[in-house]
> 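Can you keep this structure in mind? I'll have questions shortly.
Residue indices begin at 1 and follow the sequence shown.
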Amino acid sequence: MSAITGVMQDYLKTIYKLQRDHGAVSTSAIADRLHVTGASATNMVKRLARLKLVSYARYHGFTLTAAGQRIALEINRHHRLIELYLARELGVSLDKVDREAEKMEHVLSEDVEARMATTLGNPTLDPHGDPIPSMDGTVREIRYPHLDALSAGATGVVVRVSDRSPTVLRRLTRLGVLPGVVLKMVGHGAGSCRVEIAGRQLVLSRTLCQGVYIEWLTTATRP
């Protein structure tokens, strides 16, 4: 097999994330996520298909092959370990660790990866709450609801915050809405929700609510 470049790894990682959320993936979705032209995405996907890293089903889209998924999970492991190391050991803020990890994930050696994992105590979650794939290439993905699914009067714990938008992450960090935080849903408004954290009430926009994933702790009028 030809050498897998960093750009190829980015495509495989992106296809993995899109496939996890939506099933088979279109080239337009890949282009949108990676901010490239449709033609560039099509050419790269064809190249990955020739390498048998993705497969195509007519009218359905692309999915990773077993070989493609192994590479995607390995890069995800690198990325999420680096994020956690930067956040925990170096104090880099959550809105910056993703960008820094993108620069380092392709050149991280297996030896340094193992040392990093040991230093961190062989963690299973990155600082955003996303699962870190294990060394054997497995990962335990759990789907959690968005914050605005929590009904009025119910409590939940934040298990994950989306890393898609640095602006949203900065806002959530300033508000203290981060993994591990327990909150209570006070009520829903037009395009917003009001939550209570340790006796402090906050009004979060719909955009912020969509960036927070929770696990139910107690129910009120849960649908």
> Identify the residue among Asp148, Leu175, Val177 that makes a side-chain contact (heavy atoms from CB on, under 4.5 Å) with Leu208.
Leu175

> State, yes or no, whether a side-chain contact exists between Lys13 and Glu105 at a heavy-atom distance under 4.5 Å.
yes

> Can you list the other members of the hydrophobic cluster that holds Ile142, where links are side-chain heavy atoms under 4.5 angstrom apart?
Tyr144, Val157, Val159, Val182, Tyr213, Leu217

> State, yes or no, whether a side-chain contact exists between Ile4 and Leu53 at a heavy-atom distance under 4.5 Å.
yes

> So which atom in Trp216 and which in Ala154 form the shortest heavy-atom distance, rounded to 0.1 Å?
CZ3-CB, 3.6 Å

> Val186 and Ile214: same hydrophobic cluster, using ILVMFWY side-chain contacts below 4.5 Å?
no

> Ser93 vs Thr173, test: side chain to side chain contact (heavy atoms under 4.5 Å, CB included). Steps then yes/no.
CA-CA 9 Å; Ser93 61; Thr173 299; 5.9 Å; no

> Is there a side-chain contact between Val54 and Val25, using heavy atoms and a 4.5 Å cut-off?
no

> Under a 4.5 Å cut-off applied to non-hydrogen side-chain atoms, are Ser134 and Arg140 in contact?
no

> Does any part of the side chain of Asp98, heavy atoms only, come nearer than 4.5 Å to the side chain of Arg164, both counted from C-beta?
no

> Please report the shortest heavy-atom distance between Ala72 and Leu12, naming the atom on each side.
CB-O, 3.6 Å

> Among side-chain atoms of Ser205 and Thr207, is any donor-acceptor pair under 3.5 angstrom?
no

> Take Leu64 and Arg70 through the test side chain to side chain contact (heavy atoms under 4.5 Å, CB included) and record every step on the way to the result.
CA-CA 9 Å; Leu64 295 176; Arg70 279 195 299 273; over 6 Å; no

> So, for Leu147 and Cys193, which heavy atoms are closest and what is the spacing to 0.1 Å?
CD2-SG, 4.2 Å

> For the residue pair Arg170 and Thr167, establish whether any side-chain heavy-atom pair is separated by less than 4.5 Å.
yes

> Is there a donor-acceptor pair closer than 3.5 Å between any side-chain N or O of Arg77 and the backbone N or O of Pro133?
yes

> Could you pull out the closest heavy-atom pair between Ile197 and Gly176, with the gap in Å?
CD1-O, 4.3 Å

> Please answer: with hydrophobic residues joined when any side-chain heavy atoms are less than 4.5 Å apart, are Val107 and Ile75 in the same cluster?
no

> Distance-only check: which donor-acceptor pairs under 3.5 Å involve side-chain atoms of residues 115-129, not counting sequence neighbours?
| unit_1 | atom_1 | unit_2 | atom_2 | d |
| --- | --- | --- | --- | --- |
| Arg115 | NE | Asp111 | OD1 | 3.4 |
| Arg115 | NE | Asp111 | OD2 | 3.1 |
| Thr118 | OG1 | Ala114 | O | 3.0 |
| Thr119 | OG1 | Arg115 | O | 2.9 |
| Asp126 | OD1 | His128 | N | 2.9 |
| Asp126 | OD1 | Gly129 | N | 2.9 |
| Asp126 | OD1 | Asp130 | N | 2.8 |
| His128 | NE2 | Leu94 | O | 3.4 |

> Between Lys103 and Glu100, does any NZ, NE, NH1 or NH2 come within less than 4.0 Å of an OD or OE carboxylate oxygen?
yes

> For the pair Thr5 (side chain) and Met8 (backbone), establish whether a donor and an acceptor sit closer than 3.5 Å, ignoring hydrogens and angles.
yes

> Using every non-hydrogen atom in the two residues, find where Glu83 and Ala101 come nearest and quote the distance to one decimal.
CG-CB, 3.7 Å

> Looking at Thr42 and Gly38, would you say the former's side chain and the latter's main chain have a donor-acceptor pair under 3.5 Å?
yes

> Do you know the tightest heavy-atom contact between Gln210 and His146?
O-CD2, 2.9 Å

> What distance separates His79 NE2 from His106 NE2, expressed to the nearest 0.5 Å?
9.5 Å

> Determine whether more than 12 heavy atoms belonging to other residues, nucleotides or ligands lie under 6.0 Å from atom NZ of Lys17.
yes

> Can Glu113 and Met135 be said to form a side chain to side chain contact (heavy atoms under 4.5 Å, CB included), step by step?
CA-CA 10 Å; Glu113 175 203 319; Met135 289 188 67; 4.2 Å; yes

> Please walk me through it: do Asp10 and Glu102 pass side chain to side chain contact (heavy atoms under 4.5 Å, CB included)?
CA-CA 9 Å; Asp10 285 338; Glu102 291 282 354; 3.9 Å; yes

> Run the salt bridge (Lys or Arg N to Asp or Glu O under 4.0 Å) test against Glu110 and tell me which residues pass, sequence neighbours left out.
none

> Using the rule that two of Ile, Leu, Val, Met, Phe, Trp, Tyr join whenever any of their side-chain heavy atoms come within less than 4.5 Å, decide whether Ile132 and Val112 are in one cluster.
yes

> Are the side chains of Leu150 and Val195 in contact, using a 4.5 Å heavy-atom criterion?
no

> When rounded to the nearest 0.5 angstrom, what distance separates OG1 in Thr155 from CD in Glu196?
11.0 Å

> How long is the span from the CE atom in Met104 to the NE2 atom in His78, to the nearest 0.5 Å?
11.5 Å

> Counting C-beta onward and ignoring hydrogens, is there a side-chain heavy-atom pair between Leu172 and Val212 closer than 4.5 Å?
yes

> Using atom types as modelled and distance alone, determine if a side-chain donor or acceptor of Asn43 lies under 3.5 Å from a backbone N or O of Ala39.
yes

> Enter the distance from Glu141:CD to Tyr16:OH here, rounded to the nearest 0.5 Å.
4.0 Å

> Say you draw a straight line from CG of Leu202 to OG of Ser192; how long is it, rounded to the nearest 0.5 Å?
12.0 Å

> Roughly how far apart are Thr27 OG1 and Tyr56 OH, rounded to 0.5 Å?
8.5 Å

> Does His188 reach the main-chain N or O of Ser151 with its side chain, forming a donor-acceptor pair under 3.5 Å?
no

> How about Arg33: does its CZ atom have over 12 heavy atoms from other parts shown lying under 6.0 Å from it?
yes

> For Thr65 and Lys52, indicate whether the former's side chain and the latter's backbone hold a donor-acceptor pair under 3.5 Å.
yes

